[in-house]
Protein chains: 2
Amino acid sequence: MQPDAIDRKLLKLLQENSKQTNKELSLQLNLSVTAVYERIKKLEKTGIIHRYVAIVNKEKVDKGFVVFCQIKLVQHTKEYLTKFEKEVMALQEVMECYHISGEYDYLLKILVKDMAAFREFMVTKLTTLQHIGSTQSSFSINEVKCETVLKV
Amino acid sequence: MQPDAIDRKLLKLLQENSKQTNKELSLQLNLSVTAVYERIKKLEKTGIIHRYVAIVNKEKVDKGFVVFCQIKLVQHTKEYLTKFEKEVMALQEVMECYHISGEYDYLLKILVKDMAAFREFMVTKLTTLQHIGSTQSSFSINEVKCETVLKV
DNA sequence: GTTGAAACGGGGTCTAC
DNA sequence: GTAGACCCCGTTTCAAC
């Protein structure tokens, strides 16, 4: 399914605020409520809309310290990669993990309370993972942009 | 406001699926519907719940190619930093941008359709920004983990 | 915190255009 | 695509415990 211009605007609105009623959406889209309803259902059925979630303010729940950590493994066999990935999946501080091209193998986005919590995470969790060669961490000094809306 | 154990579980449920009814939530929390309602309102009022959004499947809207780009500016005056940040804010391909510690100044998460689209983005947008010294891009080979649920 | 009731309005479906 | 009517049920508020 290929979303048309109206679908794209609808996706923008729902990505910004999924609690809007179909009536509110219909006014912004110059459509009838029924048409809005059917378009949303179609976007859900095709999987373009994956799910609906609440976004939590990370500062207010003591997760305001953002660290990006690049990791190099000692070897690159499938066994090592798979094992590492499985272990990373289980770490709740790791919000994102990508196998990447370049000098390092993985890039992790880590959310913790502060530097002390990050130290604790490094010492007790990250560096205890098997097959890790080296790591290189960068701390977020300032979050310039953090967008959840995909412009489609 | 400090969320208690029930609030934390409620936050987990709402971060996973914000479309659940209060009745469904009440069953999982062993609470009355009214109590769930009041807890949610409190979490919203205190700003712990920031907003509710639809999550779009990026592959289905031609944004499945993920690139992390580290950028170094030629100078680090406030003027240069501010100008760069303002320009980055306007780029819709840039989903996230952090001012970071370390060798590079900024880390950007960029979503585009494919390598050709990234090339186009680099040539026509990123490298035309003023004051950029050098860049270093890593491409996502595999998304191991991409979590939106903050464990609180 | 709980239950129960009541008012309101949106979701979802259907009919007709 | 539109408008209107319909029922159901979730939200929201309230009273009483």
Side-chain angles (χ1 to χ4, degrees), chain A residues 1-63 92 147-152, chain B residues 1-63 92 147-152:
Chain A
M1 177 218 182
Q2 197 65 7
D4 65 12
I6 297 175
D7 286 327
R8 288 198 289 272
K9 185 162 181 196
L10 177 54
L11 283 172
K12 176 176 184 291
L13 293 171
L14 288 175
Q15 286 184 97
E16 287 166 355
N17 176 14
S18 62
K19 278 277 155 86
Q20 295 173 89
T21 64
N22 291 348
K23 186 179 177 66
E24 288 169 336
L25 294 168
S26 72
L27 293 173
Q28 296 171 77
L29 296 167
N30 296 315
L31 273 185
S32 67
V33 173
T34 311
V36 170
Y37 173 78
E38 282 163 0
R39 281 175 182 269
I40 293 176
K41 287 303 153 207
K42 187 186 283 185
L43 290 169
E44 290 171 356
K45 283 208 183 67
T46 56
I48 292 180
I49 293 180
H50 180 226
R51 57 202 183 114
Y52 297 93
V53 306
I55 300 290
V56 165
N57 183 328
K58 61 181 179 299
E59 275 77 21
K60 300 221 172 180
V61 292
D62 284 346
K63 300 282 185 179
Q92 67 170 235
E147 183 64 75
T148 60
V149 179
L150 268 169
K151 293 280 168 47
V152 344
Chain B
M1 178 221 183
Q2 198 65 6
D4 65 12
I6 298 176
D7 286 327
R8 287 198 290 272
K9 184 161 181 197
L10 177 54
L11 283 171
K12 176 176 184 294
L13 294 170
L14 289 174
Q15 285 183 97
E16 286 166 355
N17 175 14
S18 62
K19 278 278 156 86
Q20 296 173 87
T21 64
N22 291 347
K23 186 180 178 66
E24 289 168 335
L25 294 167
S26 72
L27 293 174
Q28 297 170 79
L29 296 167
N30 298 313
L31 274 185
S32 68
V33 173
T34 310
V36 169
Y37 173 78
E38 281 163 1
R39 280 175 182 270
I40 293 176
K41 285 304 152 208
K42 187 186 281 185
L43 290 169
E44 290 170 358
K45 283 209 184 67
T46 56
I48 291 180
I49 293 179
H50 180 225
R51 59 201 182 115
Y52 296 93
V53 305
I55 300 291
V56 166
N57 183 327
K58 61 181 180 299
E59 276 75 22
K60 300 220 172 183
V61 292
D62 284 345
K63 299 284 185 180
Q92 64 170 238
E147 183 63 76
T148 60
V149 178
L150 268 169
K151 294 278 168 47
V152 344

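Note: hydrogens, waters and symmetry copies are ignored here, and every other heavy atom, side chains too, is used. Throughout, protein chains are lettered first and strands after them, A, B, ... in sequence-line order, and every chain is numbered starting at 1.
With a 4.5 Å cut-off on side-chain heavy atoms, B/L25 and B/N22 count as touching.
Atom NZ of B/K41 and atom C1' of D/dC14 are 17 Å apart (whole Å). In this structure, CG of B/L25 is placed 12 Å from C1' of D/dG10, rounded to the nearest angstrom. The separation between B/I40 atom CD1 and D/dT12 atom C1' is 12 Å, rounded to whole Å.
For A/E16, the salt bridge (Lys or Arg N to Asp or Glu O under 4.0 Å) partners at least two apart in sequence or on another chain are A/K12.
Judged by distance alone, the side chain of B/K60 and the main-chain N or O of A/T46 form a donor-acceptor pair under 3.5 Å. Distance alone, capped at 3.5 Å, places no donor-acceptor pair between the B/R51 side chain and the A/N17 backbone.
From A/L27, atom CG reaches atom OG of A/S32 across 11.0 Å, with rounding to the nearest 0.5 Å.
One side chain, B/Q20 or B/Q28, offers a donor N or O that lies under 3.5 Å from an acceptor on the other.
For residues 9-23 of chain A, proximity to DNA chain C is found at A/T21, A/N22, defined as any non-hydrogen atom under 4.0 angstrom from a strand atom.
A salt bridge is defined here as a Lys NZ or Arg NE, NH1 or NH2 lying under 4.0 Å from an Asp or Glu carboxylate O, and A/E38 with A/K41 fails to meet this definition. A salt bridge is defined here as a Lys NZ or Arg NE, NH1 or NH2 lying under 4.0 Å from an Asp or Glu carboxylate O, and A/D4 with A/R39 meets this definition.
The shortest distance between the side-chain N/O atoms of A/Y37 and the OP1/OP2 oxygens of C/dG10 is not below 4.0 Å.
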So which protein N/O to nucleotides 1-3 of chain C N/O distances come out below 3.5 Å?
unit_1, atom_1, unit_2, atom_2, d
C/dG1, OP2, B/R39, NH2, 2.0
C/dT2, OP1, B/S32, N, 3.0
C/dT2, OP2, B/S32, OG, 2.7

